[in-house]
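The analysis underlying the following values was restricted to heavy atoms, covering all of them including side chains, and did not include hydrogens, waters or symmetry mates. Note on naming: letters A, B, ... go to the chains in the order of the sequence lines (proteins, then strands), and numbering restarts at 1 for each one.
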Amino acid sequence: MENKNLVVDEEVKTEPRDFIRQIIDKDNESGKYDGRVHTRFPPEPNGYLHIGHAKAICVDFGIAKEYNGLTNLRFDDTNPVTEDIEYVDSIQEDIKWLGYSWDDRLYYASMYFEKIYQYAQQLIKKGLAYVCSLSLDDIREYRGTVKEAGKPSPDRERPIEESLDLLERMKNGEFEDGAYTLRAKIDMAHSNMKMRDPLIYRIKNASHHQTGDKWHIYPMYDFAHCLEDSIEKITHSLCTLEFQNNRALYDWFLDALDIYHPQQIEFARLELTHTVTSKRKLKELVEKGLVDGWDDPRMPTLCGLRRKGYPAEAIRNFCEAVGLAKRNSTVELALLEYHVRQVLNKSSLRMMGVINPLKVVITNYPEGQDEWLDAVNNPENPDDGTRKVPFSKELYIERDDFMEDAPRKFFRLSQGREVRLRYAYFIKCHDIVKDENGEIIEVHCTYDPETKGGNAPDGRKVKATMHWVSAQHAKQVEVRMLNNLFSEENPNKKEEGKTFIDFLNPDSLEIKTNCFVEPELANAKSGVNYQFERIGYFILDSKYSTKEKPVFNRTVTLKDAWKKIKNKKK
RNA sequence: UGGGACGUCGACAAGUGGUAAGUCACAUGGUUUUGGUCCAUGUAUCCGCGGGUUCGAAUCCUGCCGUCCCAACCA
């Protein structure tokens, strides 16, 4: 009886649906778009994609995929002066890397310029648009404020024929930038500022990366976007919250023109702690040389995260976990890192590497001898097999793994203590060597030959298993310890006399040049994530690494229980 | 003459009148040749605040309070 109830419960339980999926479910039920789901991802090619865009991409492409629908990639290239072909290339690369495909549906707003122009003419003919000669300043003044109504432009009643003629001449390049604009005739007293006779076209005598010098006028976002969606027969036009006010205009244009009408739905954008995602700020970091370009591994850009070693799958899982709602929120970096560790733990080959070396001499190990021991490549995946690691008289261990006056909770190496060297032997420390400054430069140990492979025949236990490398066999490499770009959780916070630059983490990049890795890692492959056991995940840097001098980036640390204990004591 | 949206655990987030899901973080145990992974357990008598309706309210009504967005010829 009890069992039966349990089964019923499980059947009834459904995955939580976010509000957008609920809307689509309803639309499908009512047959609103004949069951079609067709979304679009519409970036303006004026910057590199970052983690915030990743959410939008996962939403746009992910949801459509779920419903067996389609997603278009569309460059919203309506402002030639801010855009560049460099960005249209990088954006495509990043979307592909994230794992999504637009198949052959790659569009540009600029492909529709002719059509959009005709729609503008229609609007004029319907008496719903006019050419305005007000200057930029005057337009602003005439618009009024949020609490006061605006006043009509003197050109508001310009005859249709005249507006048509003027628009044609604007298009032909007869006027200077700013001389005229085309405006929708809506309501200068509307409580929604976006509805106070918004601009439809402005003159820009600028060369466009797609259309060259063909056009001298370019449509504004609000006019172009709804038309693009309509032309492409988009069903659900998903965008971020700041466009909520624009929706009234979106609907107004499509109603005025009486054409196919997609629905715009807004959701909260993704904000992350310890970083910035505003295009302006990212650009400032690059231009001031505070980072090593857009793909600096500390940047939240997709190319930066990729270079740092974040797997695309982890970013997708993260976006899924973050959810979809209308509440502005900032997600903790810890959640992203959790998902990175999660996928890396399953897939990464384990290797041994020492970041801060301390020499260990095995005093009872024969001089000149070495032996190659078996090591498991990935305990999470036996199919990855094993490899050989060399052992010899002189080794390196991590400095943090030895402590002279060790507290009770410190399980690692210390005088008189026995520990296991992973896949090798138990060793016991009997001596330390210091330099004139009192700093430990060498640790002397004995090993127990009976414990080869790491097990004691007498069943003796040790508290710690440590990583190590053989000094004579190890490869010296450079390792870049990447930390949060900002030490402040919220670098955007307003503080007297400070900007986000002041919250930069001075230790965001620690370059370690005296690191040693096991021979296998001398042949590390680019683009492959490795786990340095007990330390973290690492990947060859795509920019600075060479065969002779490998450079590794630390993708993310392993969780560190000891660090927590240590810090608690302080 | 202001308008539009939003307030549920430290961070996200379900919940749609029947008595507060889940994830991360945190804490405690267990397993472990990574102080990793994995597993188990614990963590909101309460849903911004105050009234009201109801047998019953996070869900409905009402009044406050708070946060975000809008006055680019940006998107």
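The nearest whole Å value for the distance from the CD atom in A:Glu320 to the C1' atom in B:G22 is 13 Å. Rounded to an integer number of Å, the gap from A:Met466 CE to B:G35 P is 10 Å. Atoms CG (A:Leu421) and C1' (B:U34) sit 13 Å apart, rounded to a whole Å. Distance A:Asp560 CG to B:A25 P: 14 Å, rounded to the nearest Å. If you measure from atom CZ of A:Arg247 to atom C1' of B:G3, you get 13 Å, rounded to the nearest angstrom. Remark: C1' of B:A25 and NE2 of A:His339 are 12 Å apart, rounded to the nearest angstrom. A:Lys26 places its NZ atom 9 Å from the C1' atom of B:U16, with the value rounded to the nearest Å. The CD atom of A:Glu380 sits 8 Å away from the P atom of B:C38 (whole-angstrom rounding).
Between A:Arg17 and A:Asp25 a salt bridge is recorded (basic side-chain N to carboxylate O distance below 4.0 Å). Between A:Asp448 and A:Arg460 there is a salt bridge, with a side-chain nitrogen of the basic residue lying less than 4.0 Å from a carboxylate oxygen of the acidic one.
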Pair A:Phe75-A:Gln210, side-chain contact (heavy atoms from CB on, under 4.5 Å): steps then yes or no: CA-CA 11 Å; A:Phe75 287 103; A:Gln210 300 297 324; over 6 Å; no
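Residue A:Gln342 places at least one side-chain N or O closer than 4.0 Å to OP1 or OP2 of B:C38. Of the side-chain N and O atoms in A:Arg327, one or more sit less than 4.0 angstrom from OP1 or OP2 of B:A13.
Cation-pi geometry between A:Lys452 and A:Tyr425 is not satisfied (NZ or CZ under 6.0 Å from the ring centre, within 45° of the ring normal). A cation-pi arrangement is not found for A:Lys204 relative to A:Tyr218, the charged atom failing to lie both closer than 6.0 Å to the ring centre and inside a 45° cone about the ring normal.
B:G36 and B:C24: their P atoms are spaced 15 Å apart (whole Å). Rounded to whole Å, the separation between the C1' atoms of B:A40 and B:A44 comes to 22 Å. B:A58 and B:C46 have their P atoms separated by 11 Å, given to the nearest Å. Of the P atoms belonging to B:A21 and B:G15, the separation is 14 Å, rounded to the nearest Å. The C1' atoms of B:C64 and B:A14 are separated by 28 Å, rounded to the nearest whole Å. Nucleotides B:C73 and B:G2, compared at atom P, are 24 Å apart to the nearest Å. For the P atom pair drawn from B:A27 and B:G10, the interatomic distance equals 16 Å after rounding to whole Å. The separation of B:G3 from B:A71, taken at their C1' atoms, amounts to 12 Å, rounded to a whole angstrom.
Using a 30° and 60° split on the angle between ring planes, A:Phe486 and A:Phe500 fall in the tilted class, from 30° to 60°. Ring-plane geometry between A:Phe391 and A:Tyr447 is classed as tilted, the angle between the planes lying from 30 to 60 degrees on a 0 to 90 degree scale. A:Tyr107 and A:Tyr112 have tilted rings, their planes meeting at an angle from 30° to 60° on a 0 to 90° scale. Aromatic ring orientation, A:Phe532 versus A:Phe538: parallel (interplanar angle below 30°, classes split at 30° and 60°).
Not a single donor-acceptor contact under 3.5 angstrom links the side-chain atoms of A:Glu489 to the base of B:G10.
If A:Lys326 and A:Phe19 are placed on RNA chain B by their nearest nucleotide, the residue sitting closer to the 5' end is A:Lys326.
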Under 4.0 Å protein heavy-atom contact, by nucleotide of nucleotides 68-75 of chain B - B base, S sugar-phosphate only: SBSBSBSB
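Pairing for B:A21 is absent, with no Watson-Crick or G-U wobble pair whose two atom distances lie under 3.5 Å. In this structure, B:A13 forms no base pair with any nucleotide, since neither Watson-Crick nor G-U wobble geometry is met with both distances under 3.5 Å. Remark: B:G66 base-pairs with B:C6. Criterion, Watson-Crick or G-U wobble with two distances under 3.5 Å. With both pairing distances under 3.5 Å, B:A44 is matched to nothing as a Watson-Crick or G-U wobble pair. Across the strands present, B:C38 finds its partner in B:G30; the criterion is a Watson-Crick or G-U wobble pair with both atom distances under 3.5 angstrom.
Closest contact between the side chain of A:Glu332 and the listed nucleotides B:A25, B:A13, B:U16 involves B:A25. The A:Lys147 side chain lies nearest to B:G2 when the options are B:G36, B:G35, B:G2. The side chain of A:Tyr338 lies closest to B:C24 when the candidates are B:A14, B:C24, B:C26. Each of B:G2, B:C26, B:G35 was ranked by its minimum atom distance to the side chain of A:Phe411; first place goes to B:G35. Of the candidates B:A21, B:G36, B:C12, B:G36 carries the atom nearest the A:Lys559 side chain, counting heavy atoms from C-beta on.
Residue contacts shown for A:Arg341 are absent, as no nucleic acid heavy atom lies under 4.0 Å away. Residue A:Arg412 is classed as a base contact, given a heavy-atom separation below 4.0 Å to a base. In this structure, A:Ala325 reaches the sugar-phosphate backbone alone: every heavy-atom distance under 4.0 Å involves primed, P, OP1 or OP2 atoms, never a base. Within 4.0 Å (heavy atoms only), A:Tyr537 reaches no atom of the nucleic acid at all. Across all strands shown, A:Gln22 has heavy atoms under 4.0 Å from base atoms, whether or not it also approaches the sugar-phosphate.
Base orientation for B:A21: anti, the chi torsion being more than 90° from 0.
Counted by atom type alone, A:Gln263 and A:Asp251 present zero donor-acceptor pairs between their side chains at under 3.5 Å.
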